[in-house]
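Working notes, structure below.
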Amino acid sequence: MAICTVYTTQLNPTCSSISTPSKPQHLGFHQNQVVFYKKTSNYKRSKSAARPSYLITCAAAGGDSQTVVIGLAADSGCGKSTFMRRLTSVFGGAAEPPKGGNPDSNTLISDTTTVICLDDYHSLDRTGRKEKGVTALDPRANDFDLMYDQVKALKDGVAVDKPIYNHVTGLLDPPELIKPPKILVIEGLHPMYDSRVRDLLDFSIYLDISNEVKFAWKIQRDMAERGHSLESIKASIEARKPDFDAYIDPQKQYADAVIEVLPTQLIPDDNEGKVLRVKLIMKEGVEFFSPVYLFDEGSTISWIPCGRKLTCSYPGIKFTYGPDSYYGHEVSVLEMDGQFDRLDELIYVESHLSNISTKFYGEVTQQMLKHSDFPGSNNGTGLFQTIVGLKIRDLYEQITTSKTQTPAQATKA
Ligand SMILES: Nc1ncnc2c1ncn2[C@@H]1O[C@H](COP(=O)(O)OP(=O)(O)OP(=O)(O)O)[C@@H](O)[C@H]1O
Ligand SMILES: O=C(CO)[C@H](O)[C@H](O)COP(=O)(O)O
């Protein structure tokens, strides 16, 4: 059980650090937490103060520590599931749907992470959307009050009964119990749309897939794997576009990291969409997150790694790195255009990247080799998703360490 201690002059605490309670003098409840109040020695020394200080110890009703919340936004079919598989792999252990639950659950649980899909907060089912003439991307088809309440509760260590949107039937199924995990990932169309939900995020990512590439991926999946016709895929993309532009795309301005996927510039007038130019746009000044850099932090670099140490067939590989501005924010941008021929040689590229938050030399390469069958493993999508996964692990470790420190230790750090 998590024991948090705060020093405050008000009986309205927010837990901030961890310690063991001793002889609590009052006991109460606050925001679903058991709360122990104990007057501090500070109180004894300053009896004359208008308001006494309290040492307040809160035992979270749910998990062992406060949940770190990550938001992942993207349109449907833009690689969220693939990214989630890479992320959960970084923490080890397989991610599976809740045991014994609804077989159509959208949730994935591993030892460290719980990934919930925000489609579960659709307030209108498929028929309801059709009747009202709204798409699932329209905020009117989603319950942001419930989304906020439940993400907040989980962040505070309290389990929730989350609804399930059933993609097979298009109906809203009975809810499933979600317990507070160490890391909660909320993935879907709108993790950064509602400012209340946005404020709960410890880190946010937006997968920005250009229209050309999105189209190529949709064709690949929906035609090859789901038997849809080319016309129906085009029609579905067109029908979603106005709401995508209005409600989904603007969220990228709030993201701490954006993975932008564009057609290559290495092949003039390429229209095959197989070779990709991928940018990792990283906001500066985000707490517990230091952007990755190539060779020299803050410089502008262009690097063609092909040669003796990296095998490249046509059209080759080009990296660029440098500072930029994105929606008025200072950012660092790392870009990779082209694709790898041999993943085992990726170590050469990895050894020239800094701040990648690996725990040992070659960890990025190891992760990429482990999942070489995932889409995007031979290009910047897989590379940057893997690196962002490692950065999230690092962020999580920093947040939990900072919470276990006393206020004095935290100030020193
Ligand atoms: N990096 C990539 N490179 C090439 N193709 C990709 C990549 N990522 C995803 N795809 C293609 O897009 C499809 C959808 O990927 P994924 O299931 O990860 O997306 P999603 O956002 O979770 O989709 P949905 O929300 O519809 O379930 C994959 O089957 C694959 O065809
Ligand atoms: O944009 C989407 C997010 O995945 C889906 O289209 C939305 O959730 C509706 O699902 P379905 O098409 O299964 O009714």
Side-chain angles (χ1 to χ4, degrees), residues 74-75 77-79 82-83 206-224 229-231 233-238 240-241 244-245 249 252 257-282 292-296 299-327 331-346 348-350 352-353 364 368 372 374-388:
D75 197 3
C78 285
T82 311
F83 186 12
Y206 185 91
L207 299 184
D208 188 7
I209 315 298
S210 65
N211 289 333
E212 300 94 316
V213 176
K214 200 190 285 187
F215 188 54
W217 287 4
K218 274 257 174 204
I219 289 174
Q220 148 80 20
R221 183 180 69 172
D222 295 354
M223 257 177 104
S229 69
L230 187 63
E231 285 65 38
I233 297 168
K234 268 188 196 161
S236 137
I237 291 181
E238 282 311 310
R240 292 169 70 96
K241 193 149 186 331
F244 174 79
D245 290 344
D249 192 62
K252 63 190 181 195
V258 175
I259 298 180
E260 191 177 330
V261 185
L262 302 150
T264 183
Q265 285 183 335
L266 300 174
I267 306 172
D269 303 321
D270 175 65
N271 50 19
E272 242 191 300
K274 286 214 170 110
V275 182
L276 300 175
R277 178 162 73 105
V278 187
K279 290 182 176 193
L280 175 58
I281 302 164
M282 300 160 282
V292 177
Y293 65 89
L294 178 64
F295 293 115
D296 183 38
S299 298
T300 297
I301 312 276
S302 175
W303 182 44
I304 295 177
C306 306
R308 284 187 207 154
K309 293 180 183 154
L310 193 75
T311 314
C312 298
S313 55
Y314 180 79
I317 296 178
K318 183 177 174 187
F319 277 88
T320 46
Y321 161 76
D324 207 339
S325 152
Y326 188 78
Y327 288 97
V331 293
S332 282
V333 182
L334 177 65
E335 178 182 310
M336 176 185 161
D337 196 350
Q339 53 193 30
F340 300 112
D341 281 14
R342 294 187 43 171
L343 265 191
D344 54 334
E345 291 175 350
L346 178 62
Y348 175 62
V349 171
E350 178 177 351
H352 289 82
L353 294 169
V364 171
M368 291 281 283
S372 57
F374 286 8
S377 289
N378 66 344
N379 63 36
T381 59
L383 176 63
F384 295 159
Q385 287 178 4
T386 302
I387 291 176
V388 173

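- Atoms SG and CD1, from Cys312 and Ile304 in turn, are 9.0 Å apart once rounded to the nearest 0.5 Å.
- If you take CG on Asn211 and CD1 on Ile237, they are separated by 8.0 Å, rounding to the nearest 0.5 Å.
- By the 6.0 Å contact criterion, NZ on Lys218 is enclosed, its count of non-hydrogen atoms from other residues, nucleotides or ligands being greater than 12.
- Gly79 and Trp217 make their closest contact through N-CZ3, 4.5 Å (heavy atoms, listed as atom of the first residue, atom of the second, distance).
- Taking CD of Glu335 as the start and CD1 of Ile301 as the end, the distance is 14.0 Å to the nearest 0.5 Å.
- The two residues Pro305 and Ile317 have their closest heavy-atom pair at CD-O, 3.5 Å.
- Of all non-hydrogen atoms in Lys252 and Asp208, the two that sit nearest each other are NZ-OD2, 3.1 Å.
- For the pair Phe244/Lys214, a side-chain contact is recorded, criterion being any heavy-atom separation below 4.5 Å from C-beta on.
- The two atoms that bring Val275 and Pro315 nearest to each other are CG1-CG, 4.1 Å, heavy atoms only.
- Separating the CG atom in Asp270 from the CD atom in Gln265 is a distance of 11.0 Å, to the nearest 0.5 Å.
- Counted by atom type alone, Asp341 and Thr311 present zero donor-acceptor pairs between their side chains at under 3.5 Å.
- Note that the CD atom of Glu260 and the OG atom of Ser210 stand 8.0 Å from one another [nearest 0.5 Å].
- With a 4.5 Å cut-off on side-chain heavy atoms, Gln339 and Leu276 do not count as touching.
- With Ser302 contributing its side chain and Thr320 its backbone, the two residues share no donor-acceptor pair below 3.5 Å.
- Classification of the Phe340-Phe319 ring pair by plane angle, with boundaries at 30° and 60°, yields tilted.
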Take Leu310 and Val349 through the test side chain to side chain contact (heavy atoms under 4.5 Å, CB included) and record every step on the way to the result. CA-CA 8 Å; Leu310 193 75; Val349 171; 4.1 Å; yes
Could you walk me through whether Ile387 and Leu353 pass the side chain to side chain contact (heavy atoms under 4.5 Å, CB included) check? CA-CA 10 Å; Ile387 291 176; Leu353 294 169; 4.0 Å; yes
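- The closest side-chain heavy-atom distance from Lys279 to Phe384 is not below 4.5 Å.
- With a 4.5 Å cut-off on side-chain heavy atoms, Ile209 and Asp75 do not count as touching.
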Kindly indicate, with the supporting measurements, whether the criterion side chain to side chain contact (heavy atoms under 4.5 Å, CB included) is fulfilled by Phe83 and Thr381. CA-CA 9 Å; Phe83 186 12; Thr381 59; over 6 Å; no
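- A distance-only check finds a donor-acceptor pair linking the side chain of Thr264 to the backbone of Leu266 [under 3.5 Å].
- Closest heavy-atom contact between Met223 and Ile233: CG-CD1, 3.6 Å.
- Put simply, SG on Cys78 and OH on Tyr206 are 7.5 Å apart, with the number rounded to the nearest 0.5 Å.
- Pairing each heavy atom of Ser377 with each of Met368, the nearest pair is O-CE, 3.1 Å.
- Considering only heavy atoms from C-beta on, Tyr326 stays 4.5 Å or farther from Val333 through its side chain.
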